[in-house]
Amino acid sequence: MGWTNRLLNIFRKQRLSDEIDEELAFHLAARAQDNIASGMKPDDAQQDARRRLGNWTLARENAREANLIAYSETLSQDLRFAFRMMRRRPNFAAMAILLLGLGIGASTAMFSLLMSAVFPKSAFENSDRLVFLWRFDKTQGQFLPRLSLPDLLDIRAQSHTLERASIYERREFVVNASGELGRVAGFAIDADWLPSLGVSPASGRNIAPGDRDVALVTNELAQRLFDGDAAALGRRIEVDNRSFTIIGVLPASFLFDNVEIFVPRVPEASARRDSFSYYGLANLRDGVSLSEARAEAERLVLGRENWTMRIATSRDRLSFACGPTCGQQHKGIWLLFGAAAVVLLLASANVANLLLARAIGRRREFVIRTAIGCSRQRLIRQLFTESLALFLCGGSVGIVLACWFSAALARFASAYAQNAALDTRAFAFSALVTLLAAILFGMVPAVRAASPAAVRVRNTARGLLVASEFTLALVLLVGFGLLLRSFLRVEAIPPGFQPDRLLTISANLSGPKYKNEMQRIAFARTLLERARALPAVTSAALTSDLPLTGAGDTRIRIEGSPQVPMEVRYVSVSPNFFQAFEVPILAGRAFSEHDGAGAARVVLINETMARMLFPAGDAVGHRIQMAEQPPVWREIVGVARNVRQRNLEEDSRPVFYRPYEQGLDLGISLAVRVRSAGEMPRVAEALRKSVREADPQQPWDTVQSLRQIIYDSESLSLRRPVVRLLAVFALIALLLAAAGLFAVLSHSVAERRREIGIRMAVGARQTQVLRQIAGDTLRLTLPGALIGAIAAYALSGLLPSGHIGWSGSGVFLYGVGRSDVVTYVSVFFGLCCICAAATIIPARRAAQVDPSVVLREE
Amino acid sequence: MAKHSNDRLQGTLDLLILKSLASRGTMHGYGITLHIETIARDALRIEEGSLYPALHRMAQEGWIRAKWGASENNRRARFYSITPAGLKQLAEEEKRWSDLTQAVARVLQFA
């Protein structure tokens, strides 16, 4: 009968009470009757019966409870009581709820971010059947996602484990829709490509076998080109100067390697087996396991010398897709993970702290309740409910804050937060941790509610909590400080040129018009002339590779030197590049207008190259040869100061410059120095128009300032989100620790008001009282801070120093040691400030204690 | 469902009630009180009111059955009787009790 019966009893509570009363009344009457029968006076008989029965109410309540689902009955009662308690002490409730919310919110947002970065979700319907055909290169020992076309065709024809195998190739298209040019990444795909992903176009149709000159576009591209997908269907666009009809638009959610346009793959006759430029994907046949498919794939390419085939899942692919920096990015992510965990711990510790404080404050209540017959179990249950009520409120606040934090993260650190949807697992984890803290510490008072020893233990526990909060906060602060200092150091690195008021626009001359180097050079000359003629432009220069964007590599030989060819970077520039970018010439001369196509081949080399190849300082006059057909000797006419070509931290590798008229590849950037900063927007617009007019068919990137390029360089852009996020977390951590300190100090002052009053009455001065409070602060924070400093030093060993060129990560130290004095001193100073702030109010309260008032209390 | 088995005193009360009902058949609460009183001869003093929560709880557990009926002098009273589940529970409680008393006896003997 168990609980159904009890559940029913809830609906007849009144009758139940009446019945129990009747039963007890019978007991009383029967006892009294027996008493009279044994010779007592009626009054005495009644009294004796009452005495023997004991506490009627308690008996009734307990009997009643036994008949109900006890908890459900008392739960609502306890909840009502819990909310009443909250209303009575709104400060406590607000504080606890806010702390819980903050802890849950901040860590949920952060953990969600990390979950999406570490365990990316596959966007495709049939991702469990979707596989990718990869190559495992035995010599390099790594997976590579591309195969040769003949191999892919063979596999497609011979495989029994795969179906809907399709081959695709990544290409960059120049798309021209109604006069607007743009470079768009695209795939040449087979008809089976979309079906094997489990995707069908949102409107229009898929590519059919035999289709030519048709294109599928993503929703985003359709929006960009034609404002809306309905308008896009059937429209004609020019792709690489051929006309294509748009036959379908993909769903808005579709995202695959940021590719936006899909055209049918044209069968290619002359594909080679040693050119690995095609991707393959397929579905596993029904009933075929991944390991069967893998075994078959290896069988099919048996005997290949350097590689074998590998069937990869979409999960493999997603973790591969973030590229070689992935592992490094994860390092940054794990660092932030740690920071989020610290915030969560701090919030939990503070909640625990608050609950302990309240337990001490409420010990009188518990003593009374125990004295009038409240069982330990009942007390625990009530405290449990109170913790739960607090937690529920805090959790709701947490969800709201998590949304807000998540949005802020996405804005703050877009490098990490492409996919900042809240993760339920992350929320559950954060919620669980805080819930445990709330319940654990919320119920402490039920354990030994009254004894003074318990109070002392609890005060010690609170002290320990505050100390550990400072330990955690300090670790976070030091980590943040070190990385901030590294960031500032990197930012302060001179890039080797003067970036102020420099605007630039870049293009890739990949079109058929510029197949020939002479055509590119002629176009570049036109561009330069037009740019120089722009108003408010003081100089215009051209370079194949802007500073901080990298450059092409080649192997050079030095005339008359037995040295093996060495790898160097090379950049093509216009003669006035060094003057326009204000790069000093250290030896020899800069290029001049005479170093044209017909003149003798000349180069400038950078400092590093001069130092490496000609330590005697006699670089000028030597001749070098780069890897080209036919090889030509180029004379070194000067040495230029190093420009940071790849990123800010990397002290330049060897670079040589050649006049663009003596060699120009596909990439060009036009740069103009503007007369004054105020004229930059106008010049930017004029520059954009000018290059467009020079060749309306050629797509260009947007105009950027060199300052912007420095700002966006990976040295800074990878570090910035880490530093910003850490700043937020360190601040929250510091505030939480300070709040904990404040709570403990205020409480100890309130508790010792009498003591302080007596001491002042017998002659203690205010300064002595204040000194005592200050002593408390030191006692609470100093040990924590010291341990924190040691822990921070130990943990900072995990932050390797190095530069982005090698690491691709934003968590590396640069220019600061792990024992950086400035960091530790400023963290310590910050800590002092925050401690002082947390101490001021309790200290003032203590100093204002009026002995005459305090001593008269109670 | 022996959620109070670690609570010795309550377990003892359960044991006494079950034993009384097993040996004497149907009784009302006051009758059980008298029975325990007579047998234990004031050695075991219970607060009589605390009997009723225990009775109600045991009724809910299904160890005893409760029924309203007429008392010896025709007053409405609630009568309790033991069920098969209650008999099983009684056996368990008796065993636990004798285990405990033996253990305590040994301790007293050798400690």
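Naming convention: chains lettered A, B, ... in sequence-line order (proteins, then strands); numbering from 1 in each chain. The analysis underlying the following values was restricted to heavy atoms, covering all of them including side chains, and did not include hydrogens, waters or symmetry mates. Bear in mind the structure is a predicted one, so any value in this text is a computation, not a measurement.
The CG atom of A/Leu28 sits 8.5 Å away from the CD atom of B/Glu48 when rounded to the nearest 0.5 Å. Summarising the geometry, atom CG belonging to B/Leu55 is positioned 11.0 Å from atom CD1 belonging to A/Ile20; distances are rounded to the nearest 0.5 Å.
Proximity of A/Arg52 to B/Thr33: side-chain heavy atoms (C-beta onward) are nowhere separated by under 4.5 Å.
The candidate with the highest count of non-hydrogen atom pairs below 4.5 Å against chain B, out of A/Gly54, A/Ala25, A/Ala30, A/Ala29, is A/Ala30.
Within a 6.0 Å radius of CD in B/Glu94, other residues, nucleotides and ligands contribute more than 12 heavy atoms. Within a 6.0 Å radius of CG in A/Asp43, other residues, nucleotides and ligands contribute 12 heavy atoms or fewer.
In plain terms, the two heavy atoms of B/Arg76 and A/Phe26 that are nearest each other are O-CD1, 3.9 Å. In terms of heavy atoms, B/Tyr30 sits closest to A/Arg31 at OH-CA, 3.2 Å. Across all non-hydrogen atoms, the minimal contact from B/Gly49 to A/Ala59 is O-CB, 3.3 Å.
No side-chain donor from either of A/Glu19 and B/His56 sits under 3.5 Å from a side-chain acceptor of the other. At a cut-off of 3.5 Å, with distance as the only test, no side-chain donor of A/Asn62 or B/Tyr52 sits close to an acceptor on the other residue.
Contacts of A/Gln33 with chain B are made by side-chain atoms alone, with heavy-atom separations under 4.5 Å and no backbone atom involved.
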